[in-house]
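Letters A, B, ... mirror the listed sequences (proteins, then strands); counts begin at 1.
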Protein chains: 2
Amino acid sequence: MLSNASKYAIRSVLFLAENSSKNKKYGAKIIAEELEIPLHFIAKLLQQLARVNVISSSKGPHGGFYTAKKNLQNNVCAILDEIESGNVFEPCFMGLPQCGDENPCPVHHIVAPFKDALLEKFKHQSISEFSREIKEDGSLLSLKGID
Amino acid sequence: MLSNASKYAIRSVLFLAENSSKNKKYGAKIIAEELEIPLHFIAKLLQQLARVNVISSSKGPHGGFYTAKKNLQNNVCAILDEIESGNVFEPCFMGLPQCGDENPCPVHHIVAPFKDALLEKFKHQSISEFSREIKEDGSLLSLKGID
DNA sequence: CTTATAAAAGATATTTTAGTCTTTTATATA
DNA sequence: TATATAAAAGACTAAAATATCTTTTATAAG
Ligand code: SF4
Ligand code: SF4
């Protein structure tokens, strides 16, 4: 459903939301290592996200990527809008373009509530809220230390 | 989450389950038109499915694909096992390979119940049951007549 | 037996996604 | 001002998914 690009992007942004600040920046290299994703791939994605102010960046020594307060007001959809081309949840599960509650495919009553819940979360929960939830729940972002 | 190949395959099998029988066969061409999917692509998939007895086929004039009684005892997972390479639901949503109930990613509590429900359905509901449900619910398989 | 039909098989092409490599630009600090 | 650092930009390669085309094989029916 989500491309690798999106998944990498979401994890990176949440990582920065949890760990970074204006004076604690992370280079693409460290992020790539920490989340175990390809360096040059994530570098590009981070640049894209910086361009649309989902995250911030600064060049040069001690530079890197970070999330400022105002960045954290964005929601996860802002990430997907930039990375993914087109609407993520429209070309749905069973691949029927013209369907929905009126014309349900065989798994609609399973898929629909899930889609709604996820979309609600991605649309209306800010990245900072998401991040706080991760801290509280002990949700997983990095893969370090797990095998 | 599912590839086009899987989605086409599922829809085709369910189409045959609803419409075909030993003496009412459907050629790849008709199926492709009916479900609005690429002819040569679905032809290959149908051949694969016939090889593992998820559906039946016969060559020559008045030949085509159909579902015999015993074919319908299969479940949807049998389709996925043949078409998709590897486990469909393991490389999950957020792309964390080592996670789950103990190490949940930020959306695990949304995704997990959905995954479970869908997997349950795909594993334990036979194609004939699936098909009956479609008839009763008026679920959608074909795209003909919708725009 | 011949012919038309349709699946089976498999080669090839296209598109999308994923991943890598190199060069340029900005900047902090020594 | 020179240097090292790290993002920005963009060209390039690789792999997978998707789709098309051609040839072969089986068979029902005339
Ligand atoms: S689950 Fe619902 S929205 Fe998705 S393809 Fe089926 S009918 Fe359409
Ligand atoms: S934690 Fe749950 S939802 Fe998240 S990737 Fe793993 S299985 Fe999927």
Side-chain angles (χ1 to χ4, degrees), chain A residues 1-9 11-12 16 20 22-68 71 80 82-86 88 91 95, chain B residues 1-9 11-12 16 20 22-68 71 80 82-86 88 91 95:
Chain A
M1 184 149 37
L2 291 190
S3 63
N4 278 3
S6 295
K7 291 184 285 190
Y8 294 165
R11 284 171 63 207
S12 298
L16 288 176
S20 77
K22 180 128 196 174
N23 39 332
K24 190 164 186 203
K25 295 161 192 165
Y26 287 85
K29 200 171 168 186
I30 292 176
I31 296 172
E33 281 167 5
E34 205 62 33
L35 304 185
E36 296 184 5
I37 51 190
L39 168 57
H40 297 284
F41 197 179
I42 193 58
K44 283 199 104 85
L45 298 174
L46 291 168
Q47 284 161 30
Q48 280 185 263
L49 294 172
R51 214 180 298 137
V52 296
N53 293 309
V54 170
I55 59 176
S56 303
S57 70
S58 67
K59 289 183 173 183
H62 301 108
F65 299 95
Y66 64 100
T67 42
N71 294 135
L80 297 179
E82 176 57 28
I83 302 299
E84 209 86 13
S85 53
V88 192
Chain B
M1 182 146 41
L2 290 190
S3 62
N4 279 3
S6 296
K7 291 183 287 192
Y8 295 165
R11 283 171 62 208
S12 299
L16 288 175
S20 78
K22 180 126 194 174
N23 39 333
K24 190 162 186 206
K25 295 160 191 167
Y26 287 85
K29 200 172 169 184
I30 292 176
I31 296 172
E33 281 167 6
E34 204 63 32
L35 304 185
E36 295 183 7
I37 51 191
L39 167 59
H40 298 284
F41 198 0
I42 194 58
K44 283 202 101 86
L45 298 173
L46 291 168
Q47 283 161 31
Q48 279 186 263
L49 294 171
R51 214 180 299 136
V52 297
N53 293 307
V54 169
I55 60 177
S56 303
S57 70
S58 66
K59 290 183 174 182
H62 301 107
F65 298 96
Y66 64 100
T67 44
N71 294 135
L80 297 179
E82 177 55 27
I83 303 299
E84 209 87 12
S85 53
V88 192

Separation of [X] atom [atom1] from [N] atom [atom2], in whole Å?
{"X": "Lys25(B)", "N": "dA7(C)", "atom1": "NZ", "atom2": "P", "answer": "10 Å"}
{"X": "Tyr66(A)", "N": "dA7(D)", "atom1": "OH", "atom2": "P", "answer": "12 Å"}
{"X": "Ile42(B)", "N": "dC21(D)", "atom1": "CD1", "atom2": "P", "answer": "17 Å"}
{"X": "Asn53(B)", "N": "dA8(C)", "atom1": "CG", "atom2": "C1'", "answer": "15 Å"}
{"X": "Ile37(B)", "N": "dA19(D)", "atom1": "CD1", "atom2": "P", "answer": "10 Å"}
{"X": "Tyr26(B)", "N": "dA7(C)", "atom1": "OH", "atom2": "C1'", "answer": "18 Å"}
{"X": "Leu2(B)", "N": "dT18(D)", "atom1": "CG", "atom2": "P", "answer": "11 Å"}
{"X": "Lys29(A)", "N": "dA8(D)", "atom1": "NZ", "atom2": "C1'", "answer": "18 Å"}

Would you say the base of dG19(C) and the side-chain of Lys44(A) have a donor-acceptor pair closer than 3.5 Å?
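No, the side chain and the base share no sub-3.5 Å donor-acceptor pair.
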Nucleotide nearest [X] when distance is taken to its side chain, options [options]:
{"X": "Phe41(A)", "options": "dT27(C), dA8(D), dA18(C)", "result": "dA18(C)"}
{"X": "Arg51(B)", "options": "dA28(C), dA4(C), dA9(C)", "result": "dA9(C)"}
{"X": "His40(B)", "options": "dC21(D), dT20(C), dA19(D)", "result": "dC21(D)"}
{"X": "Lys59(A)", "options": "dA28(D), dT22(C), dA26(C)", "result": "dA26(C)"}
{"X": "Phe65(B)", "options": "dA18(C), dA19(D), dA8(C)", "result": "dA8(C)"}
{"X": "Gln47(B)", "options": "dA4(D), dA9(C), dA8(D)", "result": "dA9(C)"}
{"X": "His62(B)", "options": "dT20(D), dA29(D), dA8(D)", "result": "dA29(D)"}

With rounding to the nearest 0.5 angstrom, report the [atom1] to [atom2] distance, [X] to [Y].
{"X": "Ile55(A)", "Y": "Lys25(A)", "atom1": "CD1", "atom2": "NZ", "value": "12.5 Å"}
{"X": "Phe65(A)", "Y": "Ser56(A)", "atom1": "CZ", "atom2": "OG", "value": "10.5 Å"}
{"X": "Asn4(A)", "Y": "Ile37(A)", "atom1": "CG", "atom2": "CD1", "value": "9.5 Å"}
{"X": "Ile42(B)", "Y": "Ser12(B)", "atom1": "CD1", "atom2": "OG", "value": "3.0 Å"}
{"X": "His62(B)", "Y": "Asn23(B)", "atom1": "NE2", "atom2": "CG", "value": "12.0 Å"}

Can you tell me if [X] touches the phosphate of [N], counting only side-chain N or O atoms and a distance under 4.0 Å to OP1 or OP2?
{"X": "Ser58(A)", "N": "dA28(C)", "result": "no"}
{"X": "Tyr8(A)", "N": "dG19(C)", "result": "yes"}
{"X": "Asn4(A)", "N": "dG19(C)", "result": "yes"}

Identify the residue among Val52(A), Val54(A), Leu49(A) that makes a side-chain contact (heavy atoms from CB on, under 4.5 Å) with Ile83(A).
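Between Ile83(A) and the candidates, side-chain contact (heavy atoms from CB on, under 4.5 Å) is satisfied uniquely by Leu49(A).
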Quick check: on DNA chain D, is the nucleotide nearest Gly27(A) upstream (toward 5') of the one nearest Gly60(B), or the reverse? Name the residue that is more 5'.
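Its nucleotide being nearer the 5' end, the pick is Gly27(A).
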Please work out if Ala43(A) contacts a base, only the sugar-phosphate, or nothing of the nucleic acid, heavy-atom cut-off 4.0 Å.
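Touches nothing.
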